[in-house]
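Encoded as structure tokens, the structure appears first; notes follow it.
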2 protein chains.
Amino acid sequence: MEDQKIRNMEEFSAVSGISRPTVSKYFNDPTSVRRSTRDRIEHALKQYDFRPNLFAINQNRKSTKNIGIVVPHIVDPFFAEIVRLIEQRCIEAGYWAIVLSSHGEAELEANALDLLRSMKLAGAVIAPLGERSDRARMMQFASEIPTVIFDSPLGSGEAFVGTDNFHSIGLIVDYLCRTGEPPCFLEMPAVNENALERKNAYIGAMERQGLTPEVVPVAESDWGFEQIGYEQGLRLLSRWSFPTSTVLCANDRIAIGLLAAAYERGLRIGRGPGSAMRIAGHDDHPLSRFTCPPLTTVAQDHAAIADKSVSALFDMIEDGGPQDRAPVKLEGKLIMRLSA
Amino acid sequence: MEDQKIRNMEEFSAVSGISRPTVSKYFNDPTSVRRSTRDRIEHALKQYDFRPNLFAINQNRKSTKNIGIVVPHIVDPFFAEIVRLIEQRCIEAGYWAIVLSSHGEAELEANALDLLRSMKLAGAVIAPLGERSDRARMMQFASEIPTVIFDSPLGSGEAFVGTDNFHSIGLIVDYLCRTGEPPCFLEMPAVNENALERKNAYIGAMERQGLTPEVVPVAESDWGFEQIGYEQGLRLLSRWSFPTSTVLCANDRIAIGLLAAAYERGLRIGRGPGSAMRIAGHDDHPLSRFTCPPLTTVAQDHAAIADKSVSALFDMIEDGGPQDRAPVKLEGKLIMRLSA
DNA sequence: AAGTAAAATTGGCGCGCGTAAAAAATTAGA
DNA sequence: TCTAATTTTTTACGCGCGCCAATTTTACTT
């Protein structure tokens with residue numbers, strides 16, 4: 001490694017003995033140059049370790065290689081995992097992913113969109129904040145830049161990838177009815193479309209079986225799901241006012257909170273004979289197999305969501321711009337553990 | 001909102017009636033222009049919603065406003081939370097944060113460093129992967145760009161912010177000894193300096209009390225901590241070979257796994273009279289208050305880590321480049337819950 | 001050996017904006 | 001009202017690289 005600093009591609013092309021346009025060509029696609037020149041460049045690269053300036057690259061490219069990713073909460077393991085997978089797919093395809101989190105705030109989401117708009121993106125993958133999202137703004141964004149929405153749909157017409165709540169909730173409702181007392185439904189705050197859809201899916205599934213649905217409503221509207229499940233649990237358990245002893249939670253994080261409350265009240269959870277109640281969730285949160293007892297839930301197929309989102313996006317990019325696509329609804333998988 | 005598209009600052013300056021250099025000045029600092037011209041610009045901004053191209057900005061600026069953040073695992077809630085806080089501080093200070101995760105792989109960490117090097121960063125905040133990190137490369141990086149290391153130290157001499165493991169482990173060892181049987185120590189995989197330091201801190205704290213330390217070793221070397229704690233727990237509990245009935249885990253994620261194993265074995269955990277064992281952790285993981293029972297642990301002060309890291313970084317940036325600084329070691333806080 | 005296709009070079013424009021210097025305009029102070 | 005200080009405009013260069021057209025070199029055919 002020489003100590004001489006290479007300041008730009010010009011200088012690098014000088015020391016490598018290859019012309020600048022060819023060097024540029026190499027960095028865009030190493031296989032696009034002849035083997036011998038590629039070797040010479042890579043040999044020089046070992047001596048001088050030069051990297052093209054990212055900003056200059058992206059300023060000039062016709063089609064940039066940047067994918068924007070926006071999620072409501074990067075702190076939520078579900079989104080963290082999906083982002084990780086999407087990022088991976090993008091990198092494999094030679095793209096660079098810019099990850100932005102709304103941190104639950106509509107203003108930050110809007111900022112994120114503005115920021116991305118100023119970056120000449122090749123495309124974007126977005127999980128909307130939900131109710132509080134600036135829908136019009138997001139639709140506008142999606143009309144300018146190839147965009148795939150995931151997790152929670154925006155409205156209709158946009159490219160969407162997500163879990164089929166009617167299917168997945170149906171799965172677990174059926175399972176719970178088959179194996180014991182029919183479940184009541186502890187809903188999640190109405191932060192997005194999923195919240196509403198899962199509730200409706202529950203109601204539909206119960207009615208299909210000729211049973212009366214029992215929804216336990218929540219008043220909160222924030223993303224502190226564990227806390228909400230916990231408080232709700234304590235409140236209801238203190239005077240046992242759950243409609244039934246089987247509780248289906250709208251997601252695993254709610255269920256984790258409820259489990260904590262039940263534990264605190266000394267209730268035995270599970271499907272065994274000596275148990276006081278059954279608790280089930282939805283999502284297959286990374287920690288749901290380590291709860292006490294391990295949580296019965298429906299797994300969202302993280303990898304599939306990431307795969308389908310990215311491939312849908314690449315399709316759009318190749319077809320040259322935004323366009324309508326049929327929504328992709330993935331089927332969840334029942335994960336039977338001990339809590340229900 | 002007019003439908004006319006503004007393609008660049010030139011066009012925007014035309015429609016706003018302000019010269020381009022002044023508009024440029026405005027975007028760098030809105031307060032740097034006269035009130036009346038600021039109003040005119042902002043008025044035009046409402047009609048045409050133009051944003052300067054991010055790449056062009058950063059290509060030309062003398063000192064860019066970009067901060068790089070690199071963490072071993074964005075999926076780990078601890079890092080996710082810290083990243084969120086650091087990001088927030090940066091944005092408040094008018095900087096933009098680029099977040100990159102190594103996803104546990106040394107190669108990705110090296111890639112991340114290379115990427116950041118090509119971005120003329122103002123500075124970087126990095127939590128190293130640990131043992132597997134390319135130390136030399138990272139030191140090299142830190143010598144070129146103002147860099148603060150957090151969570152796990154690299155070597156010595158670098159600007160570092162982290163928890164004082166000797167203090168925090170001391171706190172909880174003392175507490176556990178004071179309130180019951182002295183703890184054994186379920187170590188974490190030796191992925192970084194923290195792992196070693198916490199073990200040594202435990203040994204030191206025990207010896208200070210004239211007690212013999214009992215370390216339960218782990219063979220694994222990956223980041224799947226819950227799984228490791230769980231498997232280790234099952235293995236040891238199946239023939240009760242924990243040295244004592246009080247187990248201090250090197251971190252909360254290990255403890256969460258151990259709690260799951262103990263639950264599976266039907267053991268009652270807690271400090272109450274009818275309990276079979278006590279389990280404690282370290283970090284105050286976001287879910288540790290929702291475990292069964294809630295986990296006694298030592299809280300790392302997330303906000304303080306973020307604050308100190310960012311302010312140390314800004315100091316370095318203002319002082320013009322990398323330089324040696326005394327490491328900042330923060331004191332943890334004992335969080336007494338029910339598990340120990 | 002000549003002929004042809006592929007690859008590399010030369011030379012040069014342009015991206016969108018930062019920034020500097022000098023000139024012009026505006027404001028504030030006396 | 002005049003001068004000085006502040007702000008804005010004009011003009012122009014440069015950042016580092018993508019990309020293009022024309023030309024020259026290289027590699028492969030027959």
Side-chain angles (χ1 to χ4, degrees), chain A residues 5-45 48-66 94-96 114-115 117-122, chain B residues 5-45 48-66 94 96 115 117-122:
Chain A
K5 291 273 175 200
I6 303 295
R7 323 191 117 270
N8 54 39
M9 198 179 279
E10 192 80 49
E11 289 187 18
F12 178 76
S13 86
V15 298
S16 68
I18 305 290
S19 72
R20 192 178 68 73
T22 305
V23 171
S24 169
K25 204 149 171 284
Y26 166 83
F27 278 108
N28 281 319
D29 178 9
T31 66
S32 69
V33 301
R34 201 191 300 142
R35 183 75 230 179
S36 60
T37 65
R38 178 174 172 180
D39 287 342
R40 289 173 67 192
I41 291 177
E42 282 169 356
H43 181 248
L45 223 40
Y48 298 95
D49 96 308
F50 156 77
R51 292 205 32 152
N53 179 295
L54 198 73
F55 299 110
I57 292 175
N58 285 294
Q59 181 174 9
N60 296 307
R61 237 199 270 271
K62 280 284 193 303
S63 80
T64 73
K65 289 286 193 177
N66 303 325
Y95 285 79
W96 182 45
D114 280 350
L115 181 62
R117 291 212 306 145
S118 74
M119 294 182 69
K120 287 200 285 185
L121 290 186
Chain B
K5 291 273 176 202
I6 304 293
R7 322 191 116 269
N8 53 39
M9 197 179 280
E10 193 80 48
E11 288 187 19
F12 178 75
S13 86
V15 297
S16 68
I18 305 289
S19 72
R20 193 178 68 71
T22 306
V23 171
S24 170
K25 204 149 172 280
Y26 166 84
F27 278 109
N28 282 318
D29 178 9
T31 67
S32 69
V33 301
R34 200 192 299 142
R35 184 74 232 178
S36 60
T37 65
R38 179 175 173 180
D39 287 342
R40 288 174 65 192
I41 291 177
E42 283 169 354
H43 178 70
L45 224 40
Y48 298 95
D49 96 310
F50 156 78
R51 292 203 33 149
N53 180 295
L54 198 73
F55 298 110
I57 292 175
N58 285 294
Q59 181 174 12
N60 297 308
R61 239 200 269 268
K62 279 283 193 305
S63 78
T64 72
K65 288 287 193 177
N66 302 325
W96 182 45
L115 180 63
R117 292 212 305 145
S118 74
M119 294 182 71
K120 287 198 285 184
L121 290 187

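All chains are named by letter (A, B, ...) in the order of the sequence lines, taking the proteins before the strands, and each is independently numbered beginning at 1. Predicted model, so just to flag it, every value in this text is computed and none were measured.
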- [ ] Would you mind reading off the distance between A:Tyr26 atom OH and C:dT9 atom P, rounded to a whole angstrom?
- [x] 15 Å

TODO: List in chain and number order the residues that pass side chain to side chain donor-acceptor pair (under 3.5 Å) with A:Asn58, two or more places apart in sequence or in another chain; answer none if no residue qualifies.
DONE: A:Asn66

Open item on the list: Taking B:Asp29 first and then B:Lys25, would you say they form a salt bridge - that is, a charged N and a carboxylate O separated by under 4.0 Å?
Closed with: no

Task: For atom CZ of B:Phe55 and atom C1' of D:dC15, their distance in whole Å - done: 15 Å

Open item on the list: In the structure I gave you, are the side-chain heavy atoms of B:Met9 and B:Phe27 within less than 4.5 Å of one another anywhere?
Closed with: yes

Task: A:Val15 and A:Ile6, any side-chain heavy atoms less than 4.5 Å apart - done: yes

Task: Side-chain donor/acceptor contact of A:Arg20 with base of D:dG18 under 3.5 Å - done: yes

Task: Short side-chain N/O contact from B:Asn28 to OP1 or OP2 of C:dG18, under 4.0 Å - done: yes

- [ ] Round to a whole Å and report the spacing from CD1 of A:Ile57 to C1' of D:dC19.
- [x] 14 Å

TODO: Let me know the distance between CD1 of A:Ile41 and P of C:dA7, rounded to the nearest Å.
DONE: 14 Å

Open item on the list: Please classify the nucleic acid contact of B:Phe12 as base, sugar-phosphate, or nothing, using heavy-atom distances under 4.0 Å.
Closed with: nothing

Task: Whole angstrom value for the distance that separates P of D:dG14 from CE of A:Met9 - done: 20 Å

Task: Listed nucleotide nearest any side-chain atom of A:Pro21, set C:dG11, C:dG16, D:dT11 - done: C:dG11

- [ ] Measure from CG on A:Asn53 to C1' on D:dC17 and round the result to the nearest Å.
- [x] 8 Å

Scan nucleotides 4-8 of chain D against the protein and return all N/O pairs shorter than 3.5 Å with their distances rounded to 0.1 Å.
unit_1: D:dT8; atom_1: OP1; unit_2: B:Arg34; atom_2: N; d: 2.8
unit_1: D:dT8; atom_1: OP1; unit_2: B:Thr37; atom_2: OG1; d: 2.6

TODO: Please check if any side-chain donor atom of A:Tyr26 sits under 3.5 Å from a side-chain acceptor atom of A:Glu42, or the reverse.
DONE: yes

Open item on the list: What is the distance, to the nearest angstrom, from the CG atom on A:Asn58 to the C1' atom on D:dC19?
Closed with: 15 Å

- [ ] May I ask you to test the B:Lys65-B:Ile57 pair for a side-chain heavy-atom distance under 4.5 Å?
- [x] no

Task: Considering all heavy atoms, the nearest A:Gln59-B:Ala56 contact - done: NE2-CB, 3.5 Å

Task: Interatomic distance where CD belongs to A:Gln59 and P belongs to D:dG18 [whole Å] - done: 11 Å

